[in-house]
Amino acid sequence: DAGVIQSPRHEVTEMGQEVTLRCKPISGHDYLFWYRQTMMRGLELLIYFNNNVPIDDSGMPEDRFSAKMPNASFSTLKIQPSEPRDSAVYFCASSTMTGIMAYEQYFGPGTRLTVT
Amino acid sequence: EDKVVQSPLSLVVHEGDTVTLNCSYEVTNFRSLLWYKQEKKAPTFLFMLTSSGIEKKSGRLSSILDKKELFSILNITATQTGDSAVYLCAVGGGSSNTGKLIFGQGTTLQVKP
């Protein structure tokens, strides 16, 4: 398996522009997570999906952020309009959970976003 | 509120030293505790612990969980410069009782030659 795939790997954009980050989870995984990581705040969970349905979006910072998962093999995280404080590394991770156990999440390589 | 706290936040040692990283948690519906290593890229999985007192070992790394005292330790013996990384502790469970992981803030380890 190729692992979790994210694109683009780097994104530089100007303030006010729309940014779309993409993720392909590991085949067969039914959980998908979007995280944001900064030096100041560490790793923050933004939103996660189970079987393509958003379960918890309480970590989404504000209405400028939205995420979708139209099918089991694809998810997007959109920021519109982008602001300099959105600059961070955005990780996508996927996992599967059997029974009551929480299984390890596998992380994608991340997208480094810079908003100028 | 569910939380995971790691200590120390940062650590500098010399090659050959042994280090112990700590992770304490307060999480409802605890299911498992996981350790990740993060170098200059994505976190990579190290261990998952679900039962108290059973040590997991991989080479020079080992970890153990104490579900009574609500903590875990990650030991690294004979450290090497390649062990320099951020080590993240995460707990599965929480009030939503799904596949969500609650991450600690990480311990930054620097191993000097």
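All of these numbers come straight from a predicted model, not from anything done at the bench. Chain naming here is simple, since letters A, B, ... match the order of the sequence lines and numbering starts at 1 in each.
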S.K.: Applying side chain to side chain contact (heavy atoms under 4.5 Å, CB included), run through A:R41 and B:Q105 and close with a yes or a no.
M.R.: CA-CA 8 Å; A:R41 301 173 67 95; B:Q105 68 274 56; over 6 Å; no

S.K.: Just checking A:R64: does its CZ atom have more than 12 heavy atoms from other residues, nucleotides or ligands closer to it than 6.0 angstrom?
M.R.: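 Count over threshold, so yes.
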
S.K.: If you count the non-hydrogen atoms of other residues, nucleotides and ligands that lie under 6.0 Å from NZ in A:K68, is the total more than 12?
M.R.: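 Atom NZ in A:K68 is not crowded, with 12 or fewer foreign heavy atoms closer than 6.0 Å.
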
S.K.: Step through the shown structure and confirm whether more than 12 heavy atoms of other residues, nucleotides or ligands are within 6.0 Å of CD on A:E14.
M.R.: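 Not more than 12 within 6.0 Å, no.
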
S.K.: Mind listing the closest non-hydrogen atom pair of A:F107 and B:A42 along with its distance?
M.R.: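 Closest approach of A:F107 to B:A42: CB-CB, 3.9 Å.
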
S.K.: Indicate, with yes or no, if A:F49 and B:I102 share a hydrophobic cluster defined by side-chain heavy-atom contacts under 4.5 Å among Ile, Leu, Val, Met, Phe, Trp and Tyr.
M.R.: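 Result: no, two separate clusters.
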
S.K.: Side chain, backbone, both or neither: which part of A:E44 has a heavy atom under 4.5 Å from chain B?
M.R.: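 The answer is neither part of A:E44.
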
S.K.: Applying the 4.5 Å side-chain criterion to the ILVMFWY set and letting contacts propagate, would B:V27 and B:F71 be lumped into a single cluster?
M.R.: no

S.K.: Quick check on A:D63: does its CG atom have over 12 non-hydrogen neighbours (other residues, nucleotides or ligands) under 6.0 Å away?
M.R.: no

S.K.: Check whether any side-chain heavy atom of A:Y48 sits under 4.5 Å from a side-chain heavy atom of B:L101, and report yes or no.
M.R.: no

S.K.: Let me confirm one number: the CD-CZ distance from B:Q38 to A:F91, rounded to the nearest 0.5 Å.
M.R.: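 These two atoms lie 5.0 Å from each other.
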
S.K.: Donor-acceptor pair, B:Y36 side chain versus A:E104 backbone, under 3.5 Å?
M.R.: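 No, the answer is negative, given that no donor and acceptor are paired below the 3.5 Å cut-off.
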
S.K.: Using 0.5 Å steps for rounding, measure from the CZ atom of A:R9 to the NZ atom of B:K41.
M.R.: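 Atom-to-atom, A:R9:CZ and B:K41:NZ are 9.5 Å apart.
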
